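This structure is a prediction, so every number in the text was calculated from the model and none was measured. Reminder, nothing fancy here: chain letters follow the sequence lines and each chain counts from 1.
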Amino acid sequence: METCAPINMPSDNSRLRFAPSPTGALHIGGARTALYNWLAARHDGGELVLRIEDTDRERSTEENVAQILDAMRWLELDWDVGPVSQAERADRHAEALRRLLDSGHAYRDHATGKEVEAWKAEHGAGRGYRGTPTEDPTAAIRLRVPGEGETVVHDLIRGPVAFPNASYDDFVIARADGSVLYNFAVAVDDAEMGITEVVRGDDHLSNTPKQLLVLEALGQEPPRYAHLPLLHGPDGKKLSKRHGAASVQELRAAGYLPAAVRNYLALLGWGTDDDTTLMSTEELVRRFRVADVGKSAAIFDEKKLRWLNGRFMREMPLDEYTAAVARHLGREADERLRAACGIAQEKAQTLEEVWALIRFLFEPPVSDEKAWGKVMKEGTGPVLEAVAEALEPVEPFEPARIEAALAPLLDRFGLKPGKLYQPIRVAITGTSISPGIFESLAALGRERSLERIRAAAERLPPA
RNA sequence: GCCGCUAUCGUCUAGGGGACUAGGACGCCGGAUUCUCAGUCCGGAAACCGGGGUUCGAAUCCCCGUAGCGGUACCA
């Protein structure tokens, strides 16, 4: 019979960890793992430990650690303990190693990789290597793996997965110099740090039996495991630079909002049963359950992220929007920028796209010859002169008044709206894409608008 | 090679023996909004990897293929 803990008990019993290795920037897959751990921890009031898996001293760097922390902060994923450097726990690892050596669960063996290969060639494929113990203190240390039986990973997502022990080598847990290896360090740390749930990438599933074996040898209770399906690029291959924004800092540079990225990443491998797509972070926390995560690998599709980001952008209060744009552009969030954001908000899908829409308010018109050639046809000069004249007395210089002042020109020149408004747009912005024309004129102000319209008219042949 | 995992529209997914004429979202295509672009609204095309079982009935359960992916380091 199973018993349930009272649900209103402060659940300080769950403890998760996100444990990246600082061998590069945090990419999207790592970010999703971090997010899922964070959501799982926040969902039931558990704790999140950030542990830096830096036992590979060759590839781990300070810069990468800094980059990971920076990415976590940008994503607004906080942690309760750490960052803890795994390398700095070397004495704990050494102690565990000592115990295993003393109890006979581990032994020294100086077989090289080639010797292991030779052993396998002799003993048949599918047989894990079993070494010969030596007293030589400079030999590497291997864990003694049972020759038979199986080790079962009770995965929260996949259910029980059994691995035959015989297929595993007596794997090396510490190098000749005494430094420990990943599968050993992880098992020891997870146990000693009281981790109750390990949520990580699928690539670790086959490693889990090794960690379970270490834990068993140590007499430690294992945590519960959940292995997330991997993320791939649009071509179905492993995510890489070629796939566009692959790291968290690239996502930021591309102008995505942290909240949108969290929403999108949450949906990559996990979904709700009622088809909800747009979710605030609070809702994500409330609804997320590790056990509901899917089993198959997902492909990162930037198009959907863009759409989602656009939705978040449009729903932001103007002040918040202006602040985000200012931060992204490295500008002051002043009144001028706020006004510019006001007319551009509904049109941009990323922060990066905002500048192209509002640039004309801060700098002289760009020179887009193609747009000019397409729009500034014969006879446009006089039209623009008339536009300037019509705009001159508009007071106050507001969108509705401007529209009212310009509308009569349509009949007077017998023009379709596009033939009147596009030239004005090109005149004041230099290009053919901008926020609404009346709003744009109003934001630019009468003086500058007239100046630009007249300057454009002068470039055109007179009537 | 050996050990594992996975398989629904192009993509993310819902579905867990009968409610499936397989639902939603992105993207795509068409239309509307007679200022561009975007947005918004309406409509459309688009999938159960293959083969065997089990069952009255299978997208759903089982087996075998196939494909993709992961692990197999004195990397993490």
| message | Just to be sure I understand the rule, does R306(A) reach a base, reach only the sugar-phosphate, or reach nothing, if contact means heavy atoms closer than 4.0 Å? | response | nothing
| message | Taking the nucleotide of RNA chain B with the nearest heavy atom to each, does A298(A) or K304(A) sit closer to the 5' end? | response | A298(A)
| Per-nucleotide protein contact string for nucleotides 66-76 of chain B, where B marks a base within reach and S marks sugar-phosphate only (heavy atoms under 4.0 Å, - for neither) | ---SBSSSBBB
| query | Reading nucleotides 33-47 of chain B from the 5' end, what letters show protein touch, with B for base, S for backbone sugar-phosphate only, - for no heavy atom under 4.0 Å? | reply | --BBBBSS-------
| query | With a 3.5 Å cut-off and just heavy-atom distances, do the side chain of K295(A) and the base of A7(B) make a donor-acceptor pair? | reply | no
Between [M] and [N] - [atom1] atom distance, rounded Å:
{"N": "C5(B)", "M": "C63(B)", "atom1": "P", "value": "11 Å"}
{"N": "G52(B)", "M": "U11(B)", "atom1": "P", "value": "26 Å"}
{"N": "G18(B)", "M": "C61(B)", "atom1": "C1'", "value": "15 Å"}
{"N": "A19(B)", "M": "G43(B)", "atom1": "C1'", "value": "26 Å"}
{"N": "U72(B)", "M": "A22(B)", "atom1": "C1'", "value": "40 Å"}
{"N": "A47(B)", "M": "U54(B)", "atom1": "C1'", "value": "25 Å"}
{"N": "G27(B)", "M": "G39(B)", "atom1": "P", "value": "7 Å"}
{"N": "G24(B)", "M": "C64(B)", "atom1": "C1'", "value": "34 Å"}

| said: Show me the pairs that pass ring pair (Phe, Tyr, Trp, His ring centres under 6.0 Å) and involve residues 118-173 of chain A, at least two apart or across chains. | reply: W119(A)-H123(A), W119(A)-Y129(A)
| query | By salt bridge (charged side-chain N to carboxylate O under 4.0 Å, His left out), which residues pair with R108(A), not counting sequence neighbours? | reply | none
| task | Go through the structure and list residues passing salt bridge (charged side-chain N to carboxylate O under 4.0 Å, His left out) with D301(A), not counting sequence neighbours. | result | none
Figure out the [atom1]/[atom2] separation between [X] and [N], and round it to whole Å.
{"X": "L231(A)", "N": "U6(B)", "atom1": "CG", "atom2": "C1'", "value": "14 Å"}
{"X": "D274(A)", "N": "G15(B)", "atom1": "CG", "atom2": "P", "value": "10 Å"}
{"X": "F300(A)", "N": "G27(B)", "atom1": "CZ", "atom2": "P", "value": "14 Å"}
{"X": "D301(A)", "N": "U13(B)", "atom1": "CG", "atom2": "C1'", "value": "13 Å"}
{"X": "L308(A)", "N": "C26(B)", "atom1": "CG", "atom2": "P", "value": "10 Å"}
{"X": "W119(A)", "N": "C2(B)", "atom1": "CH2", "atom2": "P", "value": "17 Å"}
{"X": "Y264(A)", "N": "G27(B)", "atom1": "OH", "atom2": "P", "value": "12 Å"}
{"X": "D273(A)", "N": "U60(B)", "atom1": "CG", "atom2": "P", "value": "21 Å"}

| task | Please determine, for the side chain of D275(A), which listed nucleotide (C5(B), A25(B), A14(B)) has the closest atom? | result | A14(B)
Side-chain donor-acceptor pairs under 3.5 Å in residues 16-24 of chain A, sequence neighbours left out?
{"residue": "R17(A)", "atom": "NE", "partner": "D190(A)", "partner atom": "OD1", "Å": "3.0"}
{"residue": "R17(A)", "atom": "NH2", "partner": "D190(A)", "partner atom": "OD2", "Å": "3.2"}

Do any side-chain atoms of residues 365-375 of chain A form donor-acceptor pairs under 3.5 angstrom with protein atoms, and if so which ones, sequence neighbours left out?
{"residue": "D368(A)", "atom": "OD1", "partner": "K370(A)", "partner atom": "N", "Å": "3.2"}
{"residue": "D368(A)", "atom": "OD1", "partner": "A371(A)", "partner atom": "N", "Å": "3.1"}
{"residue": "D368(A)", "atom": "OD2", "partner": "T431(A)", "partner atom": "OG1", "Å": "3.0"}

| query | Near E216(A) CD, under 6.0 Å, is it more than 12 heavy atoms from other residues, nucleotides or ligands? | reply | no
Which nucleotide, if any, forms a Watson-Crick or G-U wobble pair with [N], using both distances under 3.5 Å?
{"N": "U33(B)", "result": "G39(B)"}
{"N": "G65(B)", "result": "C49(B)"}
{"N": "G70(B)", "result": "C3(B)"}
{"N": "G18(B)", "result": "C56(B)"}
{"N": "C28(B)", "result": "G44(B)"}

| query | Are F288(A) and Y36(A) close enough that their ring centers fall under 6.0 Å? | reply | yes
Side-chain polar contacts of residues 380-390 of chain A - donor-acceptor pairs under 3.5 angstrom, sequence neighbours left out - could you list them?
{"residue": "T380(A)", "atom": "OG1", "partner": "K377(A)", "partner atom": "N", "Å": "3.1"}
{"residue": "T380(A)", "atom": "OG1", "partner": "K377(A)", "partner atom": "O", "Å": "2.4"}

| Do NZ/NE/NH1/NH2 and the carboxylate oxygens of R142(A) and D169(A) come within less than 4.0 Å? | no
| field | Residues that D56(A) engages under side-chain contact (heavy atoms from CB on, under 4.5 Å), provided they are two or more places apart | value | E58(A), R59(A), S60(A)
| request: Locate the shortest heavy-atom distance separating A31(A) from L75(A); write the atom from each residue and the value. | output: CB-CD1, 3.9 Å
